[in-house]
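Proteins get letters first, then strands, A, B, ... in listed order; numbering begins at 1 in each.
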Amino acid sequence: MKTSNSPVRVRFAPSPTGHMHLGSARTALYDYLIAKKTGGQFILRIEDTDFKRYIPGAEQELIDGLRWLGIDFDEGPDIGGPYGPYRQSERKEIYLTYANKLVESGNAYYCFCSPERLSRVREEQQKRKEAPHYDGTCRNLRAEEASKRIESGEKFVIRFKSPKEGSTTVTDLLRGDITVENRTLDDYILVKSDGWALYHLAAMVDDQLMKITHVIRGSEWLPSLPLHSLIIRALNWQEPVWVHLSVFLKPSGKGKMSKREKDDLLKDGYSIFIKDLKDLGYTPEAVVNWVALMGWSYDDHTEFFTLEDLVEKFNLEHLNPSPAAINFTKLDHFNGLHIRHLDDVELAERIAPYFLAKGIKADTSTLKKIAPILKERIATLDEAVEMAGFFFEDNVKPQVDELTPKGLSAVQAKEILTESYTLLEGVAAFDQTKTETPMRAYVERSGLSAGQVFGVLRVAVTGQKVSPPLFESMEIIGKTKVLERINRAIQLLE
RNA sequence: GCCCCCAUCGUCUAGCGGCCCAGGACGUGGCCCUCUCAAGGCCAAAACAGGGAUUCGAAUUCCCUUGGGGGCACCA
C-alpha cells in the first residue's frame, strides 16, 4: 500500500486525563513526521468528554510536551483551524446529529436499560463464563414505543446495532486484514444518557469531519476496530488508513508499567512521562530519536537522527507491530550523542537551568568555556552540575583521604602540592599549555606517576576525584583561585 | 472465560524463499588511547520459542502448540 506520497492529514487525539507519556509522544511524533513528509497537516484534538476523569492542566502539559519535543501541529484547540472546534467538549451537538442518523437508518437504537440491570446481567454472564455483553433487551423496540418512552422522560442511551451474523474484515496497515465474527461484537453504547457521545462515535465523526486520512493510534484500539469500521460504513463514509502502533512494555518486557513501578523508575533517574524527562536532563532531540526507533527503523541501519532527518526519512512501511520493551540505557546513549552534537553556546544554554536549580550561580561566559570539556563526559544535562559545580564555587572542600590516595603518604601529598604551588605560581600566562609543561617535568623528576601527581592536584583544585581534564580546568578557574585552593589543601594536610 | 494482536541476541531491531552456520545498535566483557571520568578505536560473547507442512531450498509461507501483549465500561 502506498501511503506516503499524497498529503496526509493525521490527528493526535489525547484525552486530558493524565501526564503525557512516551507512548503518546511516539504517536504524536509519527503523526507529525508523516504529515510533514507528505506536505499534509497534523492536527491536535482534545478528547475531553469524560468529565469525571478530566484533569485540569493536562491539556496544557500536552501542548507544552509537544512544543518541547519540537512537534508542531497545524490545527488545534489553542491555534484553531478550518475544522474546529478541536475540543470534543465543544462538539456535543455534532455527535448527536450523526447518532440520530444512525438511529434513523436502523444502525442504532435507543436503549432504556438501567445501569443496575446491566451490571446484574453482566454478573450473571460472567458467572456462566460468558463474555460480558448487552443482552439485547431494547434492540428491537418499535420506534413508536421508543419515542413514547423518551417523551415520558425515561433515561436512554443510544446503542450501535451490531450485525449478528457473518464477519467483518478491516485492514490495518501493519497487520493486514483483521477479521472478527460479528456474533462476538457487542451493541456498544454510542451516546450516554447525559447526551454525550462516547469515543467510538465521537472519534469517527471527528475524523471524518476533519478529513483525517490516516488514523495512527495505539494498538489498544485494535479490539474496537471492527466497531469503528462498522460505524463508518453505516454512515457511508470512507475509511481512513488504519495504523495501530505497538504498545510499550516496561523495561523487563513483562506488561505495562504500574503506578508503583513508575515511581521506582523515577528514583533511578528515568521516567515515562515527558514532563519529567526534561528535569532529568534529557534533551528533546534524544527523546525524539529514541522514541522514533521504538517500532520503526531505517533501511541503512542509521540510528542517529535529528527531527529534520526523520521528516525526510520516516515512512509508514517500516513500522513494527510487535510490542517493545522500553530501554532507558539506550536513551542515555542517544542523549550523550545529541549532547555531543550541540555546539558550545547551545550546550552552555541548556545546562544553565540545572545549575540554577541547584542554587549555583553559573555565569554564561564560564559556562561557554566549560561546555567543550563537559560535552563528552555527561550523559544527561543535569550531570553537568556534579561534574562542573566546582568552577563556580568560591572554594572547594576536598576530603583529606582523597588528597592522599593509595600509595601516597600525607607527607608526599603535601610535597606534591607545595611543589605544584611553586611551579604554577611561576607561570605567567596561566593557560593549559603553559601549566602542563612544568608539571610534566616535575612528574619526571619526582619519580611519581602522572596519575598520582595530577590526582592529588585534581582533588585539591576541584574538590573531587573525577573532573574534566585538569589543565583545561585550571585555566578556566584562573591562577589566583587555583593557588588559593592548593594552599587550602596543604593546610588541610597539616 | 471470550475476542484480537504479536513472536530473531538480555533490550531495540535488519531480514519480506537461496546473498544468513543471521547484520546493526544499546548494554556486557577484553584490549588500545589516557592526568581522573568520559569520549573514541579495535575485538569478543550473545538470537531465528517448539513441532509439523509446503519447497530442490524457510528466520522468511501455512497449520498447531507454547509464550507474551492488548481488549471485553453510560473511560479513552
| message | How close do A:Ala325 and A:Lys250 get, counting heavy atoms only, and between which atoms? | response | CB-O, 3.6 Å
| field | Counter-base of B:C19, judged by Watson-Crick or G-U geometry with both distances under 3.5 Å | value | none
| OP1 or OP2 of B:C5 sitting under 4.0 Å from any side-chain N/O of A:Ser219? | no
| task | Find the distance A:Tyr298:OH to B:G15:P and express it as a whole number of Å. | result | 13 Å
| message | Taking any heavy-atom pair under 4.0 Å as a contact, classify A:Gly336: base, sugar-phosphate, or nothing. | response | nothing
| Taking all atoms of both residues into account, what is the closest heavy-atom pair of A:Leu174 and A:Asp172, and its distance? | N-OD2, 2.9 Å
| Sugar-phosphate, base or nothing in reach of A:Lys254, heavy atoms under 4.0 Å | sugar-phosphate
| message | Taking 4.0 Å as the cut-off, does a side-chain nitrogen or oxygen of A:Asn320 come that near to OP1 or OP2 on B:A14? | response | yes
| When you compare B:G68 with B:C32, how far apart are their C1' atoms, in angstrom units rounded to a whole number? | 42 Å
| Spatial distance of atom OG1 (A:Thr329) from atom CZ (A:Phe334) [nearest 0.5 Å] | 10.5 Å
| task | Look through every strand shown and name the nucleotide pairing with B:A7 as Watson-Crick or G-U wobble, where both distances are under 3.5 Å. | result | B:U66
| message | Parallel, tilted or perpendicular, judged at 30° and 60°: which one describes the rings of A:His200 and A:Tyr188? | response | tilted
| query | Between B:U8 and B:A59, how far is it from one P atom to the other, in whole Å? | reply | 15 Å
| said: Whole angstroms only, please: what is the CG-P distance between A:Asp332 and B:C12? | reply: 17 Å
| message | Need to verify one output field. Residue with the more 5' nearest nucleotide on RNA chain B, A:Pro323 or A:Arg440? | response | A:Pro323
| Between P of B:U34 and CD of A:Glu436, the distance in whole Å | 12 Å
| message | What is the distance, to the nearest angstrom, from the CG atom on A:Leu245 to the P atom on B:C6? | response | 14 Å
| said: If we count only N and O atoms by modelled type, under 3.5 Å, do the side chains of A:Thr184 and A:Glu181 hold a donor and an acceptor together? | reply: no
| Residues in ring-ring contact (aromatic ring centres under 6.0 Å, His included) contact with A:Tyr54, at least two apart in sequence or another chain | none
| request: Can you figure out which of B:G27, B:C35, B:C12 approaches the side chain of A:Phe471 most closely? | output: B:C35
| Which nucleotide, in any strand shown, forms a Watson-Crick or G-U wobble pair with B:G1, with both distances under 3.5 Å? | B:C72
| message | With rounding to the closest Å, how many angstrom separate the C1' atoms on B:U13 and B:A7? | response | 14 Å
| Shortest non-hydrogen contact from A:Tyr354 to A:Gly281? | OH-CA, 3.5 Å
| message | Mind checking if A:Gly218 touches a base, just sugar-phosphate, or nothing, with heavy atoms under 4.0 Å? | response | nothing
| request: State the pairing partner of B:C33; accept Watson-Crick or G-U wobble contacts with both distances under 3.5 Å, and report none otherwise. | output: none
| request: For each nucleotide in nucleotides 36-41 of chain B, reading 5' to 3', give B when a protein heavy atom comes within less than 4.0 Å of its base, S when such contact involves only the sugar-phosphate, and - otherwise. | output: BBBSS-
| request: State, to 0.1 Å, how close A:Arg117 and A:Cys113 come at their nearest heavy-atom pair, and which atoms those are. | output: NH2-SG, 3.3 Å
| Distance in angstrom units between A:Lys250 NZ and B:G68 C1', rounded | 13 Å
| Selection from B:C35, B:C6, B:G24 that lies nearest to any side-chain heavy atom of A:Pro321 | B:C6
| query | B:C6 and B:A49: how far apart are their C1' atoms, nearest whole angstrom? | reply | 13 Å
| request: To the nearest Å, give me how far apart OH (A:Tyr134) and P (B:C2) are. | output: 25 Å
| Does B:C2 have OP1 or OP2 sitting under 4.0 Å from an N or O in the side chain of A:Arg183? | no
| remark: By the Watson-Crick or G-U definition, both distances under 3.5 Å, B:A45 is matched with none
| note | Heavy-atom contacts, protein to nucleotides 71-76 of chain B, under 4.0 Å, summarised as B (base), S (sugar-phosphate only) or - (none) per nt, yield SBSBBB
| To the nearest Å, how far apart are A:Glu444 CD and B:C35 C1'? | 14 Å
| request: Kindly assign one of parallel, tilted or perpendicular to the pair A:Tyr270 and A:Phe328, based on the angle between their ring planes and the thresholds 30° and 60°. | output: parallel
| query | What nucleic acid atoms does A:Lys330 come within less than 4.0 Å of, heavy atoms only: base, sugar-phosphate, or nothing? | reply | base
| field | Protein-nucleotide distance (A:Glu317, atom CD; B:G15, atom C1'), rounded to Å | value | 17 Å
| task | Taking atom types as modelled, find out whether A:Gln432 and A:Thr435 have a side-chain donor-acceptor pair closer than 3.5 angstrom. | result | no
| message | With rounding to the closest Å, how many angstrom separate the P atoms on B:C42 and B:C19? | response | 27 Å
| query | Does a sphere of radius 6.0 Å around CZ in A:Arg128 hold more than 12 heavy atoms from other residues, nucleotides or ligands, not counting ones at 6.0 Å or beyond? | reply | yes
